[in-house]
Amino acid sequence: MKDADTQELSFDDWDELKFPRKTTQGFDEVVERAISRRGFLGGVVAFGSGAAVMGTGMLKGTTAMAGQSSRFAFDQIPIQTDGTVHVPDGYSWDVLVRWGDPLFSDAPAFDPANGVPVAGSDRVFAENTDGMHLFTVGNKQILAVNNEYANRKTNLPNNAEGVPASADDVLIFQNLQGVTIMEVAEGNDGWSVVIDSPYNRRITHNTPMTLDGPAAGHDLLKTEADATGTASLGTMNNCGSGPTPWGTYLTCEENFNGYFGATGDMPTDETTAAGFERYGVGPDGWGYDYHKWDARFDVSQNPNEPHRVGYVVEIDPTNPDATPVKHTALGRIKHENAACALAPDGRVVVYMGDDERGEFMYKWLSREVYVPGGDTSTLLSDGQLYAAKFNDDMTGEWVALTPDATGMDEAHIAIFTRIAASAVGATTMDRPEWVAVNPTAVEAYCCLTNNKNRGVQPNAGGDDTSANGPNPREANNFGQIVRWRPHGDNHASNTFDWDLYVMAGNPKAQEGPYKGSSNVNEGNLFNSPDGMAIDSTGLMWIQTDGDDSNEGEFEGMGNNQMLAGDPVTGEIRRFLTGPKGSEVTGLTWSADRRTMFVGIQHPGATFPDGEEVLPRSSIVVVKRDDNALVG
Ligand code: FEO
Ligand code: CA
Ligand code: CA
């Protein structure tokens, strides 16, 4: 998500402006923080000079960097500040698809100056590519891709400040977000979209879907148009994603609150109002102005509509007629992605983060086991949701969000999940972005991208955000990656050990812990880890969405980028740099693992077609020149 385009403020900043935090940190909390922080620094991760080795606090079985030979098949590339993509020697990249490229032969032509017209705007690759996954169906390769948000000024170039002036203006936004499903194929001229493939499909803010799980049918989900509370329209702010073991696509609804507003009075019902406060639903929205042209988004008329978004949505990419399902059992939060794992007994685990400053991490555990070819319909609706508590002694636990523990019923836990997690004292995190599960070891990782409010002000629910174990730095502008290993080598376990895989920082421009951990050096500087995937060989790919000014504390970091990390040695190398202004987000591989698909979201002025054409979010393909495996 770009920090400053649709509304000049980051989405977190916008929410804090509209919903000022209630309290400052108390004296007792400051003392407590000092104690826990001393414990952490004394025994866990070594910070500071380049000689310090992270290994003092690393998990058992994790080897320190020294003495390991590199597993990387490329030489690190330097930072860049230009307007294009760079990859190492021996690799090449090309554009697969751009915002506005056709999926069907009847799609409108892209206008280099004005973008996509409203007629047919649901027949093209939508805007702001994000999480994605490639599925193989027989000899076909189907790419499912999230389209996170719409750039208002770019899509309405003739409207001052990109403010909609008609229902059609709103419809352009609604059609250019959601999910794109498209067949892709590699020919003699490289990769391309298969126009008119029967798999091609757009899912927008108006696509019919169903709701299942504990909140389905609850009064809080009923609206004028849907008296059953089980039939929703559209999925929105689709950020990260994840494949299920049974071949479906999970798309995750993140900053849904900004699409709603009010033309009249805000709801006064206590439960609804408290939820709006915690999730940031207000009368003005973020400038999309849907509520002025589409009553569904006007909470003075339809106060329950925001309760129908903020979920993980399951889509069958192999059946264009299948109705997507919103799984309320996995909680309503600002979902980043959904990373599936299987417990040894076959139960399904889904790890998830809530990307807002000081919010929490979650785990889902199914009641039934996954059986290949069997019924999967209850695996994401019947089970238990947990929130993470990290202890400063490098252990942690998943706390079940049950009625007993939270004082809430099952439906309210599903709809107001943040409030439930606050009730059990979950650990406030530095903006949990993508989770990745290592396919070669029983462990998982989460990018904690940054949190300028750590130790400065509480989260949206008033929870203390003093520095804690995995979030050890106040006013954290750099971010870190936490790793956990479930006890018993079992993702179903309620307890785990944790450490920090890396703390980003700047050893040249900063002091103390802000220098970063010892696997950060002047050659591989980055900030704000966000996207993440671990390939079939166990190498971790880290994508950034941070400050690309290359100045001050960010000097030496350049444009946003993708790095590779070795989970075993801790070594990190820069593999790709994105164009100025972009974030690098979304990663998947071709069926033969010889092509990587990498998302370039909200690039700056000239990417990929030069100065005469509007900048266009794009998916690029990266291959080795010798066509060897890339993951
Ligand atoms: Fe859409 Fe948290 O990134
Ligand atoms: Ca992200
Ligand atoms: Ca981000």
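Every heavy atom of this structure was used, including side-chain atoms; hydrogens, water molecules and symmetry mates were not. Both ligands and their constituent atoms are indexed starting at 1 by order of listing. Keep in mind the model is a prediction, meaning the values are calculated, not measured.
Distance check for Asp130 against atom 1 (Fe) of ligand 1: none of its N/O/S atoms falls below 2.8 Å. Taking 3.0 Å as the threshold, Glu583 does not count as a candidate ligand of the Ca ion (ligand 2), since none of its N, O or S atoms lies below it. Contact annotation: Glu254 places an N, O or S atom under 2.8 Å from atom 1 (Fe) of ligand 1. Among the atoms of Asp130, none of the N, O or S atoms falls under 3.0 Å from the Ca ion (ligand 2).
Looking only at its N/O/S atoms, Asp545 has OD2 as the one nearest to the Ca ion (ligand 3). Distances from atom 1 (Fe) of ligand 1 to the N/O/S atoms of Glu148 are shortest for OE2.
Vertex the Ca ion (ligand 2), arms ending at OE2 of Glu336 and OE1 of Glu433: the angle is 70° after rounding to 10 degrees.
For the pair Arg418 and Phe360, the cation-pi criterion (under 6.0 Å, within 45° of the ring axis) is not fulfilled.
You'll find the side chain of His327 reaches within 4.5 Å of the side chain of Glu314, heavy atoms only. Using a 4.5 Å cut-off on side-chain heavy atoms (C-beta onward), Leu156 and Pro164 make contact. Counting heavy atoms from C-beta outward, Phe390 and Asn468 have side chains that stay 4.5 Å or more apart.
Side-chain contact check for Asp130 and Gln601: at least one donor-acceptor pair (N or O, by modelled atom type) lies under 3.5 Å.
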